[in-house]
Every structure is written in structure tokens, then in C-alpha cells.
Amino acid sequence: MNSLTRILPAVRNALILLLWGTGILWLGGSGRLSNYLHPSLQPFTVAAGFLLILLSGFAIMGLATMRRVTAHSCACEHGHQEDHGDHGDDPHGKGVAGVFIKALVLVTPILVLLSGNADRFTTTTVANRGVVQDLAKLPSANASAAKAAIKTVVPEAPPLKEGGSMPLQVIDMLYALQMPSYREEFEGKDVEMIAQYVPMTTSNPKGDRFQAVRMFITCCAADAKPVGVTVRGSAIPTVPEMGWVKITGKPTFPMEGGKRTAILEASKVEPCDAPTEPFVY
């Protein structure tokens, strides 16, 4: 048992390195890494996956050496026990249990990532983090630079799709909310937006409004912040909370409550599949 408690941690470490490495590479190869990380960080993460697999290879090679040493040690221990007799219960039982407990703690995060449950945001997440409708309040490594960008940088207007509708992002309407020059590019025009559906429980007396939300990330899914605009429509289909919808309508920017707000007047709202890139950056 003494030899077992020496070799088990090494086996555990090699297998955990292999699981993390192959798990990361699988997420990268399947395109699911974009559900968790900013695109600029994904190449480094994939490189880390290769490094972990390489380290697991070295760990497996080390096990061969450890096995020879352990075999020699076991022979010596066997002779020692014959000379002195059995000393009772094995004192290392708790050590073996500890190896498995530590392994469970270390593999649980990657198993959750591989299961696809780590990237599922709920309305509780949105409520706890708050829907951002002011770009200056988005998380940024340099808040002052972000505010300056809002004032000086005008994003390029999206190209028109066939049929005349313009593909629009939630973040575009937030830019337009603070930049009149950009607002003129699509205010009152037919647009098409894909976002997640969040029902409005306040400021919705007629029951004809909901929030169209996208998750904005600076680094990874852990810092995701909901950004959203209000959608108003006469026919809102039955959609699960945080379900994906395609909205066709016209952007408007009326004054409400003493301040300008962004409202998408919807002519059509229909369920749709999640986009390839679920986040905005």
C-alpha cells in the first residue's frame, strides 16, 4: 500500500494533464472555445493545450522510472515486514482517498466545460449583472480610453442584406444612442437583429416590450456583461427566457423619462438558432 500511495499521485497528475490538454484542443477544434474566450486569447489557449499534452507525456515517461524504483522498494519493504511482523491497519488509507478527492476537484472544471453547461446564461445572470445601455459602463482595462473611443470613433455601418434589411448588433444601437452622426446611418431604416430574449417585468404597462440582449466579454465568459436594447412589438411569440430571436424592425431613439433611449420597433419577431459567435466584443 505504501508503494501505491507513492505512484497514484503521479498517475493522477499525468491523466489530469492529458484530460485538460485534449479537452482544450477539442474545444478549439469544435469551435466551442469561442463560447468562453475572447478571440485574441484563443490561440494562446490552444497552444497551452498542446503544452499540457506534452507535459503529460513526460509525466507518463516518469512513471516507468518510478515503477522500477517502486518495485525495488516493495521488495525491501516485504523483507522488513517478515522480520518485524504486521503493524496493524494500513496508515495510508486516507492518503489514497485524498488522491481521488484532489483528482475530482481538478477535473470537474474541464468536465463542466466539455458538457457545455458553463456557457449557459440565465435571466438570473442578467438580473444580477444588470443590462448595460451605456457603453461607458462596459468593463474595460482602460475606462478613460473607452469613453474617448465612444466620442471619437464612428463604427462602419453594416452592409445591406438582400431584401433591403440591414444586419444590426445590439452594440450598434448603443453606439448610436450616444453618437448622432452614427445614428443617422440606420435610424428609421429596416434592420435585422439577432439577440437573446429577456422579458420586461417593469416599464412595460402594455406588455408589448422585451429586452434584446447580447453578452459582451472583455476577456472570457466569466466577465460577461449583458448589453441590451428595448424591443417593442404587437406580436411577440412564445420564446423561452434567454432564447435566441431574430427581430426585424426599425430603430428609434425617443426621449423617455428625461433621457434618450434605444427602442427597436419590431415588425416581426421569430425564434432562431444561436449565432456562431454568441458574444460581442
Side-chain angles (χ1 to χ4, degrees), residues 1-64 66-67 70 90-130 139 141 196 198 213-226 240-244 273-281:
M1 182 64 73
N2 204 7
S3 61
L4 184 62
T5 57
R6 285 198 295 267
I7 199 171
L8 270 181
V11 173
R12 175 201 64 196
N13 295 342
L15 292 178
I16 288 174
L17 287 170
L18 184 61
L19 176 63
W20 269 96
T22 54
I24 289 173
L25 293 184
W26 184 83
L27 288 171
S30 64
R32 287 179 53 191
L33 203 56
S34 62
N35 291 352
Y36 305 101
L37 289 174
H38 191 284
S40 64
L41 299 177
Q42 293 175 29
F44 299 101
T45 305
V46 171
F50 281 110
L51 179 61
L52 290 173
I53 291 177
L54 180 63
L55 292 175
S56 71
F58 286 123
I60 292 171
M61 292 170 60
L63 284 172
M66 182 179 294
R67 183 178 179 182
T70 301
D90 169 41
H92 301 286
K94 293 183 178 179
V96 175
V99 169
F100 286 103
I101 291 173
K102 291 177 181 177
L104 181 62
V105 171
L106 292 171
V107 303
T108 296
I110 187 64
L111 293 178
V112 172
L113 291 175
L114 294 175
S115 72
N117 291 321
D119 60 334
R120 296 178 183 174
F121 296 96
T122 65
T123 50
T124 301
T125 306
V126 173
N128 290 340
R129 301 188 184 186
Q196 289 179 278
V198 176
V213 170
R214 291 292 293 267
M215 304 301 289
F216 176 94
I217 68 169
T218 304
C219 171
C220 60
D223 66 23
K225 194 77 173 175
E241 294 181 353
M242 295 301 288
W244 289 93
D273 295 330
T276 305
E277 291 285 349
F279 296 119
V280 291
Y281 311 102

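For the pair L18/T22, a side-chain contact is recorded, criterion being any heavy-atom separation below 4.5 Å from C-beta on. Here the side chains of M215 and Q196 are in contact, with some heavy-atom distance below 4.5 Å.
Considering every non-hydrogen atom in both I217 and F279, the closest pair reads CG2-CD2, 3.6 Å. L17 approaches S56 most closely through the heavy-atom pair CB-CB, 3.7 Å. Counting all heavy atoms, side chain and backbone alike, P278 lies closest to W244 at O-CH2, 3.8 Å. The minimum heavy-atom distance between W20 and L52, with the atom names listed, is CB-CD1, 3.8 Å. V198 approaches V213 most closely through the heavy-atom pair CG2-CG2, 3.8 Å.
Within the 3.5 Å criterion, the main-chain N or O of P226 finds no donor-acceptor partner in the side chain of R214.
The line from CG of L104 to CD1 of I16 is 9.5 Å long, rounded to the nearest 0.5 Å. In this structure, CD1 on I24 lies 12.0 Å from CD on Q42, to the nearest 0.5 angstrom. Rounding to the nearest 0.5 angstrom, the gap separating the CD1 atom in I60 from the CG atom in L15 is 7.0 Å.
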